[in-house]
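I have placed the structure first, in the form of structure tokens, so that the comments after it can refer back to it.
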Amino acid sequence: MSELPPCDAFVDGRWVPGSQRFSVKDPFDDALIAEVTDSDDAMIDAAVDAAARAFPGWKRRPGPERGRLLAQLAQRMLSAERRLAELCTRENGKALKESIAEVRYAASFFSWFAGEAERTYGETIPASQPGQRLTVIREPVGPAALITPWNFPYAMLTRKIGAALAAGCTIVAKPAALTPLSALALAQLAETVGIPPGVINIVPAADGGRAGGRLCGAAAIRKISFTGSTQVGMVLMRNAAADLKRVSLELGGNAPFVVLADADIDAAVSGAMVAKFRNTGQSCVAANRFIVDASVADTFTTKLCASVARLVVGRGLDPDVDIGPLVDDASVAKVKRLLEDAIGRGAKVLLGAPPDGKTRLVAPIVLAGITPQMQLWREEIFGPVVAIRTAADEADAIAQANDTEFGLVSYLYTQNGARQIRVAEAMESGMVGVNEGLVSTPQAPFGGIKHSGMGREGSRHGIDDYSNLKYIATRIG
Ligand code: NAD
């Protein structure tokens, strides 16, 4: 079994135990994994102070040097892949093969931003007056508060830490209470590569509202980067206004998965399996609403049900398992509520059955006959539920896809090139997968519009969220 990282707060390069601790349990069977320090206000303040003290030195380091440390961190993650993956599966529940994929994906953000640290270019602007030189440089915004959810405990953190450190910011991270161990394992690796004390601080806490509020409210914090629910994101943005802190928000989604009449149906089914079932459906980019042209709905549904029926449900650590447990009882209760509402309003169950609520293992379910009045059309399901509605034509599919206040990602299947561009451009979301069920990659800007948030992570644009542009006008003659 995977060895545990130190289960304390990581502040100023030291592991700091607290008198209060909280339990981290295996979602599969509630077995106790660890008792973790519940960072109190004094520890959070100390972490912010440490990040503030470390900031000037880290900012002054040449970008390529910061990048070298990030590259080493990526290597350490990959070398420890198995141990990190098992830890993630134990606290999050996801299938081990998905945890391995997550560790690789998470490490790829360190590699990517190791390169970007060398390329934080400024610009020179042609002046309109003689004797003037106009230049623009990038400066790190300052110590950053990073708040992350439980569903991708490594990747959501490395996507932020990689960009922040590359830009020259120091950080204090507060991971989700359900999955603090993955974050602490990252801090342990950071120690071994020689990232200076105070550059990375991790403050696990049982009460996200209290600890997150204290952290984000600290005067020395100049930037807040949050990944989580829309509801909490709105609270953070309101609070950040009081001190005009920079804010990036990666929030909830309600992704449409559109299959048009001329789609390659086998490709659409393969894409749907990835877009829907990664992490047992508990992903912000999970396909939430399947919108299928009526002319191909029967074929798509039949083929999809055949693939879904082959998924193996069970304990994530079992190497054959595809679908691990949902993360907690509240998640099971939510899926149950959404299914009861949909079935009560006339949805037809084509495969599976609603959970009885006695276990966190929820077998995949396929529903047809979905209507916009059903709650699962409006809310993130965050579970292994496929909800299918038919569309009359392209225009109807676009209208249905955009019928949501969210706008993180949309998926589109069609073989017609002009249609691919036309529909992708009409979709109201920050990202679109065209004949592609998995859009996330460190090279591309990840992020949403509308209630899915603001700011971009990954890609060369990821650095923007952690830097200020400084313009310097110099009289040279
Ligand atoms: P959540 O909003 O409940 O919690 C996220 C984090 O915020 C946790 O660390 C939590 O402790 C902390 N928190 C809670 N209340 C807080 C407060 N008042 N002030 C400061 N911090 C607070 O979300 P969750 O249930 O952990 O995660 C699931 C949600 O995250 C889903 O909505 C999902 O779509 C979203 N998500 C979005 C992305 C994205 O990139 N857009 C990625 C993953 C997850």
Side-chain angles (χ1 to χ4, degrees), residues 22 24 27 36 38-39 44 91-92 94 102 105-106 109 145-160 163 172-180 182-183 202-218 221 224-240 245 247-255 278-288 326-331 334 379-383 404-409 429-431 439-442 444-458 462 465:
F22 64 98
V24 178
V36 173
D38 187 2
S39 307
I44 292 166
E91 64 176 358
N92 166 288
K94 70 174 71 176
E102 183 182 345
Y105 174 54
F109 284 103
L146 313 182
I147 301 197
T148 49
W150 48 264
N151 58 349
F152 291 88
Y154 290 119
M156 296 303 94
L157 205 48
T158 61
R159 200 158 74 172
K160 297 185 190 305
V172 180
K174 197 215 66 63
L178 292 171
T179 58
S182 303
I202 313 270
V203 285
D207 179 347
R210 182 210 36 98
R214 182 85 186 181
L215 173 57
C216 295
I221 293 294
I224 297 168
S225 179
F226 171 79
T227 298
S229 60
T230 298
Q231 189 192 4
V232 173
M234 287 177 172
V235 171
L236 290 181
M237 188 160 175
R238 264 197 300 275
N239 294 344
K245 295 184 203 297
V247 178
S248 299
L249 303 172
E250 296 285 352
L251 308 178
N254 183 0
R278 208 156 61 107
N279 198 19
T280 312
Q282 303 168 114
S283 159
C284 56
V285 288
N288 210 57
L326 292 184
V327 76
D328 61 9
D329 291 338
S331 302
K334 179 180 181 188
E379 293 181 42
E380 268 184 317
I381 302 170
F382 251 51
T404 170
E405 76 261 29
F406 294 100
L408 188 57
V409 64
S429 56
M431 303 175 285
V439 298
S440 315
T441 170
F446 188 104
I449 59 170
K450 298 168 44 180
H451 281 192
S452 293
M454 59 190 68
R456 291 296 178 267
E457 294 193 315
D465 281 21

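First listed ligand is number 1; within each ligand, the first listed atom is number 1. Here the structure is a predicted model, which means the values were calculated and not measured.
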[X] to [Y] - nearest heavy-atom pair and separation:
X	Y	result
Ala286	Gly281	CB-O, 3.7 Å
Ser452	Gly253	OG-CA, 4.0 Å
Gly453	Leu251	CA-CD1, 3.9 Å
Ala183	Leu157	CB-CD2, 3.5 Å

Counting only heavy atoms, which portion of [X] has something under 4.0 Å from ligand 1: side chain, backbone, both, or neither?
X	result
Thr227	both
Val285	neither
Thr230	neither
Leu236	side chain
Gln231	neither
Phe226	side chain
Arg159	side chain

Quick one, [X] and [Y] - any side-chain contact, counting heavy atoms below 4.5 Å?
X	Y	answer
Tyr105	Thr158	no
Val285	Phe446	yes
Phe406	Asn288	no
Ser225	Glu250	no
Lys450	Thr230	no
Gln282	Trp150	yes

Among protein heavy atoms, which sits nearest to [atom], and what does the distance come to when rounded to 0.1 Å?
atom	result
atom 10 (C) of ligand 1	Lys174 NZ, 3.8 Å
atom 36 (N) of ligand 1	Cys284 CB, 3.5 Å
atom 1 (P) of ligand 1	Ser229 OG, 3.6 Å
atom 26 (O) of ligand 1	Trp150 CD1, 3.0 Å
atom 35 (C) of ligand 1	Gly228 O, 3.2 Å
atom 27 (O) of ligand 1	Pro149 CB, 3.3 Å
atom 33 (C) of ligand 1	Phe382 CZ, 3.4 Å
atom 34 (O) of ligand 1	Glu380 OE2, 2.5 Å

Q) With a 4.0 Å cut-off, would you call Asp207 and Arg214 a salt bridge? A) no

Q. What residue pairs, at least two apart or across chains, pass salt bridge (Lys or Arg N to Asp or Glu O under 4.0 Å) with a residue in residues 226-235?
A. none

Q: Look up atom 40 (O) of ligand 1 and tell me if a protein heavy atom lies less than 4.0 Å from it?
A: yes

Sub-4.0 Å atoms of ligand 1 with respect to non-hydrogen atoms of [X]:
X	result
Asn151	43 (C), 44 (C)
Gly212	20 (C), 21 (N)
Ile147	6 (C), 7 (O), 9 (O), 12 (C), 20 (C), 21 (N)
Thr148	6 (C), 8 (C), 9 (O)
Met156	42 (C), 43 (C)
Gly209	15 (N), 16 (C), 17 (C), 18 (N)
Ala176	9 (O)
Gly252	32 (O), 34 (O)

Q. Checking Lys94 against Phe152: charged group under 6.0 Å from the ring centre and within 45 degrees of the axis?
A. yes

**Q.** Flag, side chain of Lys245 to backbone of Ile221, donor-acceptor distance under 3.5 Å
**A.**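 Present.
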
Q | Qualifying residues under salt bridge (charged side-chain N to carboxylate O under 4.0 Å, His left out), relative to Glu457, sequence neighbours excluded | A |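 In terms of salt bridge (charged side-chain N to carboxylate O under 4.0 Å, His left out), with neighbours along the sequence ignored, Glu457 is linked to Arg159, Lys160.
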
(Q) Side chain or backbone, does Ser452 bring an N or O within less than 3.5 Å of an N or O on ligand 1? (A) no

